[in-house]
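Below is one structure, written out as structure tokens; comments come after it.
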Amino acid sequence: MRTVLRAERDRGISLYQRAEDLESLEAAQTVVLGRKSAFSEIQRSLGALDPDERRDVGKIANEARQALTEAFDTRRSAMDAIVETALLAADAMDLSLPGRRARHGSFHPLTIVERELVQVFTSLGFKVAEGPEIEDDWHNFQALNIPPDHPARTMKDSLYVSVPGHPELLLRTETSAVQIRTMQSQPPPVYIVAPGRVFRRETPDATHSPVFHQLEGLAVDEGITFADLKGTLEAAVKALFGQDRRVRLGPAFFPFVEPGCEVGVSCFRCDGVGCTVCGSGWIELLGAGMVHPQVLENCGYDSERYTGFAFGMGIDRVALLKYAIPDIRMLFDGDMRFLAQFEGVA
Ligand code: FA5
């Protein structure tokens, strides 16, 4: 028995030391100390021995069990340390790897164009003005010489806002309302541009959106003529599109200017021939004219002494032309594949 116990002890220690993982370590423990092991069998038969022999063999059995427990614990701790080291290694940072660049957003193409327009006009001496998107009838229509029966006032074109006690509020249909607010708030001379959102009941197509952006311009001073308007617009269009794009100026009627005109730029796609983007070969960019004397008077300006010019440019249309965008709706869809192309542009 003594020999068997010592042999089992040595076998167990050796099995433990060779165990590669926790599973095989526990399997070795079952083999050496489990219910069916030689070790357990000897311990079960101790009762049949005479007292002296039982004490002696029992002592050896306890010592052997003690040695096995220690060997088991030592191997177990060594395994835990290996696992921990492996986990740490897996988690470790490779400081030599290149960093991951954090992706920061970019400006929307409309913001890029609006900033560029403002830059062009402020460099010519204009200041930036603002007005509300919800306007009243007087600023949006009456002061701009738009009589009550003008088609632009019908529900077909305008979007009215229902506010109890304020029956005549609407989403502004053009930034021209800012002309009125500016002239009411200061004496001449005035040199302002006013970028902003405008709203119309329109069916969307490649160049029309029911919500779009305009940049209003207004210059009122002594001695301002149509030549000043033409020179300012030509300088702006060249600064925006370069020398190559063809510009055409034609007559147009707006109740708040006299005479009025509109400016078109040759289409970026067909260059004046006519295509599905533009229809006619030209993309209408802005309306303009000499401020109507009645509008000056409506704002308390002396129309005998002061003259002025005004224009309203479609910012979305400038974006279409500058970046050859085939459909205005792409500016409002929020598609990242489209917007990401403007990263790094400004
Ligand atoms: C006006 O809104 C006038 N207030 C412009 C003006 C200002 C004339 C000052 C005289 C003096 P119009 O409706 O044509 O005019 O619009 C001006 C520009 O806005 C157009 O040339 C075009 O570039 C743009 N625009 C008009 N409607 C739309 C639309 N639905 N979607 C996108 N852009 C549009």
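Both counts, for ligands and for their atoms, begin at 1 and track the order of listing. In this text, all values refer to a predicted model and were calculated from it rather than measured experimentally. Side-chain atoms are counted along with the backbone in the values below, which use heavy atoms only and exclude waters and symmetry mates.
- In this structure, atom 23 (O) of ligand 1 lies nearest to the protein heavy atom L285 O, 2.9 Å.
- The closest approach between a heavy atom of Q179 and any atom of ligand 1 is below 4.0 Å.
- Residue contacts with ligand 1 for F256 involve side-chain atoms from C-beta outward but no N, CA, C or O (heavy atoms, distance under 4.0 Å).
- Contact annotation: for V257 versus ligand 1, heavy atoms closer than 4.0 Å belong to the side chain alone.
- R35 CZ: 12 or fewer foreign heavy atoms inside a 6.0 Å radius.
- In terms of polar-atom proximity, defined here as any N/O pair under 3.5 Å, E202 does make such a contact with ligand 1.
- Side chains of M336 and Q341 form no contact here, defined as non-hydrogen atoms less than 4.5 Å apart.
- Of all atoms in ligand 1, listed by their number and element, those nearer than 4.0 Å to a heavy atom of I328 are 32 (C).
- With respect to atom 6 (C) of ligand 1, the closest heavy atom belonging to the protein is G287 O, 3.4 Å.
- Where the criterion is an N or O separation shorter than 3.5 Å, residue side chain and backbone included, L286 meets it with respect to ligand 1.
- No donor-acceptor pair closer than 3.5 Å links the side chain of S266 to the backbone N or O of D271.
- Heavy atoms of E216 found under 4.0 angstrom from ligand 1 belong exclusively to the side chain.
- In this structure, the protein non-hydrogen atom closest to atom 13 (O) of ligand 1 is R200 NH1, 2.8 Å.
- Counting protein heavy atoms only, atom 25 (N) of ligand 1 is closest to F212 CE1, 3.3 Å.
- Close contacts between ligand 1 and E284 involve ligand atoms 14 (O), 20 (C), 21 (O), 22 (C), 23 (O) [criterion: under 4.0 Å to a heavy atom].
- In this structure, atom 19 (O) of ligand 1 lies nearest to the protein heavy atom Q214 NE2, 3.3 Å.
- Closest to atom 15 (O) of ligand 1, if we only count protein heavy atoms, is F254 CE2, 3.3 Å.
- For atom 22 (C) of ligand 1, the nearest non-hydrogen atom of the protein is R317 NH1, 3.4 Å.
- Crowding of R115 atom CZ: a count of heavy atoms from other residues, nucleotides or ligands under 6.0 Å not exceeding 12.
- Side chains of S106 and E343: a donor-acceptor N/O pair is absent below 3.5 angstrom, by distance only.
- Residues F121 and Y191 keep their aromatic ring centres 6.0 Å or farther apart.
- Taking all heavy atoms of G314, G312, A310 into account, the minimum distance to atom 7 (C) of ligand 1 is reached by G312.
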I'd like to know whether E135 forms a salt bridge (charged side-chain N to carboxylate O under 4.0 Å, His left out) with R181, so could you lay out the CA-CA distance, the side-chain angles of the two residues, the decisive distance to 0.1 Å, and finally the verdict. CA-CA 11 Å; E135 265 300 1; R181 290 193 176 271; 2.7 Å; yes
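- Under 3.5 Å, the side chains of Q179 and E216 contain a donor-acceptor pair of N or O atoms.
- A donor-acceptor contact shorter than 3.5 Å is absent between the side chain of T307 and the backbone of S303.
- In terms of protein heavy-atom proximity, atom 31 (N) of ligand 1 is nearest to S209 N, 3.0 Å.
- With respect to the salt-bridge test (charged N to carboxylate O, under 4.0 angstrom), the residues D56 and R2 qualify.
- Contacts between T207 and ligand 1, counted as non-hydrogen atom pairs separated by less than 4.0 Å, involve the backbone only.
- Taking a cut-off of under 4.0 Å to the non-hydrogen atoms of S176, the atoms of ligand 1 that pass are 4 (N), 7 (C).
- At least one donor-acceptor pair closer than 3.5 Å links the side chain of D50 to the backbone N or O of E53.
- Using a 4.0 Å cut-off between heavy atoms, E174 contacts ligand 1 through its side chain alone, with no backbone atom that close.
- Within the 4.5 Å cutoff, the side chain of Q186 has heavy atoms near those of the T182 side chain.
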